[in-house]
**Student:** 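Here you go, one structure.
In what follows, every chain begins at residue 1, and chains take the letters A, B, ... in the order their sequences are listed. Keep in mind the model is a prediction, meaning the values are calculated, not measured.
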Number of protein chains: 2
Amino acid sequence: MTPVAQMKMDRRKTFNEFISRKRLKSTKQRDVIFEEFFGNYMGRHVTVEELYEDIKRRYPYIGFATVYRTLKLFRESGIASERNFGDGKARYEPIRDEREHHHHMICTECGKIYEFANNQVESCLNQIAKLNEFKLENHKLEIYGLCSSCRGS
Amino acid sequence: MTPVAQMKMDRRKTFNEFISRKRLKSTKQRDVIFEEFFGNYMGRHVTVEELYEDIKRRYPYIGFATVYRTLKLFRESGIASERNFGDGKARYEPIRDEREHHHHMICTECGKIYEFANNQVESCLNQIAKLNEFKLENHKLEIYGLCSSCRGS
DNA sequence: GTTTATATTGATAATACATATCAATTTCAC
DNA sequence: GTGAAATTGATATGTATTATCAATATAAAC
Ligand SMILES: [Zn+2]
Ligand SMILES: [Zn+2]
Ligand SMILES: [Zn+2]
Ligand SMILES: [Zn+2]
């Protein structure tokens, strides 16, 4: 089994456990949205609208609100992250590796999103929180600017 | 003259220059909003609604949209920063010192906003951008968690 | 000071994204 | 299968922001 397929299976397991722990129900719609999200949007940052339009083509009976609600469930269960890059639209990305933690560079010209991780920054933030007696729960770090393609033009 | 008063005068000058450079007009409303914003909200992070409610008490003739538009002008002219801390409401803060650059810690319990600055983080971000051939225009860094008062409870 | 062109204003409508409502339907423990 | 409870999809509502526009204020030209 490929690592990606393995990962997808792990997320499915996590989600199923979440569903049963919370006494929720598994439905056809949730299955479809899971498959679409973890099948086609690995490493991407999709808006609810985009995912809905995508799914609607093959599953026109699936409603808008259901996609919203399901992505929220994905987030709650810890298999997806919600991101917000200042354009007013929430974006979701599948969590690939629980230990993986990354931030984003967003090109203000073409809108492309790049990812990066940096241990030094992370430890700095922990230190800063500690210094201020602040219990760090999470943090948000984004770089906005021009990507290598766009800065040349 | 106190440093704060001096700073306020500097911002006023910058704004006036912006107004005349862009061939805009100075109005009674803009004066009132400037006075209120730079008089009572130094070091704070005020929402449009809050500022509007505050101003309305003494200047009921000033409209909602005007406050929105004026804060946007403050931002464009470089005398105010717009911030967004994930509650869906834009916040504005007077820029105290052009060289000053800071980020925020937001308490998820009481909503209090703390400021911090850190040179090491800044140089890390510059390096990261450079490494990815990314032309850094600006960046956003926030720490969410519990402040010292709230973590104790 | 008067005229005139243009920017501004405030009330309100419109937009955009997200959430709430609710009757009909589906799921699942029994 | 039965019934309680969750889910669904269509739609309404909420919330923050922006657009519209006629009336007004400003400032430059005269
Ligand atoms: Zn680009
Ligand atoms: Zn990402
Ligand atoms: Zn607190
Ligand atoms: Zn600040």
**Student:** If the plane angle is over 60° it's perpendicular, under 30° parallel, otherwise tilted; pick one for B:Phe64 and B:Tyr52.
**Tutor:** perpendicular
**Student:** Without decimals, in angstroms, what is the distance between A:Leu71 CG and C:dC17 C1'?
**Tutor:** 14 Å
**Student:** Compute the ring centroids of A:His139 and A:His101, then answer whether they are less than 6.0 Å apart.
**Tutor:** yes
**Student:** Nearest-Å distance, CD1 (B:Ile19) to P (C:dT6)?
**Tutor:** 18 Å
**Student:** Counting only side-chain nitrogens and oxygens, does B:Ser26 get under 4.0 Å of the OP1 or OP2 atom of D:dT26?
**Tutor:**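 So the side chain of B:Ser26 is outside the cut-off, no N or O lying under 4.0 Å from OP1 or OP2 of D:dT26.
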**Student:** Whole angstrom is fine here: how far is it from CG in B:Leu24 over to C1' in D:dT26?
**Tutor:**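 In whole Å, D:dT26 C1' lies 12 Å from B:Leu24 CG.
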**Student:** Write down the distance between OH (A:Tyr68) and P (D:dT11), rounded to a whole number of angstrom.
**Tutor:**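 Rounding to the nearest Å, OH of A:Tyr68 and P of D:dT11 are 18 Å apart.
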**Student:** Here's a test of your reading of the structure: between B:Arg91 and A:Arg23, which maps to the more 5' nucleotide of DNA chain D?
**Tutor:**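 Going by which nucleotide is closer to the 5' end, it is A:Arg23.
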**Student:** Rounding to a whole Å, what distance do you find between A:Phe18:CZ and D:dA6:C1'?
**Tutor:** 14 Å
**Student:** Should A:Lys72 be listed as having a side-chain N or O under 4.0 Å from OP1 or OP2 of C:dT19?
**Tutor:** yes
**Student:** What is the distance, to the nearest angstrom, from the OH atom on A:Tyr59 to the P atom on D:dT7?
**Tutor:** 21 Å
**Student:** Indicate yes or no for a side-chain donor-acceptor contact from A:Glu50 to the backbone of A:Thr47 under 3.5 Å, with no hydrogens or angles considered.
**Tutor:** yes
**Student:** So how far is it from A:Asn84 CG to B:Lys140 NZ, rounded to the nearest 0.5 Å?
**Tutor:** 9.0 Å
**Student:** Return the nearest nucleotide to the side chain of A:Ala90; candidates are C:dA18, D:dT17, D:dA27.
**Tutor:**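 From the listed options, C:dA18 comes nearest.
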**Student:** Do A:Phe74 and A:Phe37 have ring centres separated by under 6.0 Å?
**Tutor:**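 That pair passes the under 6.0 Å test.
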**Student:** How many whole angstroms separate atom CG of A:Asp31 from atom P of C:dT26?
**Tutor:** 15 Å
**Student:** How long is the line joining CD of B:Glu49 and C1' of D:dT17, in whole Å?
**Tutor:** 12 Å
**Student:** Between B:Lys8 and B:Phe34, what is the shortest heavy-atom contact and its length?
**Tutor:** O-CZ, 3.7 Å
**Student:** Identify the pairs formed between an N or O of the protein and an N or O of nucleotides 9-16 of chain C at a distance under 3.5 Å, and give each distance.
**Tutor:**
from: C:dT9; atom 1: OP1; to: B:Thr27; atom 2: OG1; distance (Å): 2.7
from: C:dT9; atom 1: O3'; to: B:Gln29; atom 2: NE2; distance (Å): 3.0
from: C:dG10; atom 1: OP1; to: B:Gln29; atom 2: NE2; distance (Å): 3.3
from: C:dG10; atom 1: OP1; to: B:Tyr61; atom 2: O; distance (Å): 2.4
from: C:dG10; atom 1: OP1; to: B:Gly63; atom 2: N; distance (Å): 3.4
from: C:dG10; atom 1: OP2; to: B:Gly63; atom 2: N; distance (Å): 3.1
from: C:dG10; atom 1: OP2; to: B:Thr66; atom 2: OG1; distance (Å): 2.2
from: C:dG10; atom 1: N7; to: B:Arg69; atom 2: NH2; distance (Å): 2.6
from: C:dG10; atom 1: O6; to: B:Arg69; atom 2: NH1; distance (Å): 3.3

**Student:** Just by distance, do the side chain of B:Thr70 and the backbone of B:Val67 share a donor-acceptor pair under 3.5 Å?
**Tutor:**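 No, B:Thr70 side chain to B:Val67 backbone: no donor-acceptor pair under 3.5 Å.
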